[in-house]
Amino acid sequence: MIKQFVSLFVIILVAAVQGFVPVQRSNVGVALLKAEAHDASADPNEIVGRRITVSGAVQGGYYRACVSNEAGKFRRLVGTMSPPDETDTAEIYVEGKKKMVDGFIRWCKKGDVGLNQQATVLDVKEEEPTGLYEGFYVKTK
């Protein structure tokens with residue numbers, strides 16, 4: 001028992017000196033380590049702004065209510081969605097913690113929000129956060 005503890009301690013000590021800490025192997029863990037190694041400078045709590053252009057059944061009240069719930073209530077993001085018009089595209093501007101904004105973008109890319117409504121993300125642009133919004137605002141028809 002003591003021999004196993006000492007060998008584990010030596011492995012951790014050597015790993016710490018070399019600049020990394022061993023982690024348990026799993027598909028999720030490996031993917032996270034690769035993502036962190038790729039973008040080591042990105043702070044998940046950094047405040048970022050993104051402008052997302054979506055297309056499809058995005059003008060109806062149901063889609064807009066889902067966007068409002070997902071962004072404002074579940075992810076605590078601030079921003080706005082363009083008012084309804086006669087086109088099949090809309091712009092969503094969000095600000096918040098990078099990890100929450102990235103999760104919201106993944107939700108948007110999922111495309112299926114229910115009631116057979118499909119939406120497609122056409123473009124995501126990085127923008128400087130403005131700090132102008134106190135909540136997430138969506139106007140419906």
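Note that these values count all heavy atoms, side chains included, but never hydrogens, waters or copies made by symmetry. Numbering of residues begins at 1 and proceeds along the displayed sequence.
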Below 4.5 Å, heavy atoms only, C-beta onward: do [X] and [Y] meet side chain to side chain?
X: Val121; Y: Ile105; value: no
X: Glu126; Y: Arg50; value: yes
X: Val138; Y: Tyr63; value: no

Under 3.5 Å donor-acceptor, Glu95 side chain and Ile47 backbone: no
Main-chain N/O of Leu122 paired to Thr53 side chain as donor or acceptor, under 3.5 Å: no
Assign the ring pair Tyr133 / Tyr137 to parallel, tilted or perpendicular, where the plane angle (0 to 90°) is split at 30° and 60°. tilted
Give the cluster check for [X] versus [Y]: same hydrophobic cluster or not, with ILVMFWY residues linked at side-chain heavy-atom distances below 4.5 Å.
X: Leu77; Y: Val48; value: yes
X: Met81; Y: Leu132; value: no
X: Val78; Y: Val67; value: no
X: Phe104; Y: Tyr93; value: no

Nearest 0.5 Å, please: how far is [atom2] in [Y] from [atom1] in [X]?
X: Asp112; Y: Cys66; atom1: CG; atom2: SG; result: 10.0 Å
X: Lys73; Y: Phe136; atom1: NZ; atom2: CZ; result: 12.0 Å
X: Arg75; Y: Lys99; atom1: CZ; atom2: NZ; result: 11.5 Å

Please find the pair of heavy atoms, one from Pro84 and one from Thr140, that lie closest to each other, and give the distance. CG-C, 3.8 Å
Taking every non-hydrogen atom, the tightest pair across Val58 and Thr89: CG2-C, 3.9 Å
Just wondering, are more than 12 heavy atoms of other shown residues or ligands nearer than 6.0 Å to CG in Asn116?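 No, not enclosed.
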For residues 127-138, which residue pairs qualify under salt bridge (charged side-chain N to carboxylate O under 4.0 Å, His left out), counting only residues two or more places apart or in two chains? Arg51-Glu127
When you check the side-chain N and O atoms of Asp85 and Gln59, is any donor under 3.5 Å from an acceptor?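 A donor-acceptor contact under 3.5 Å links the two side chains.
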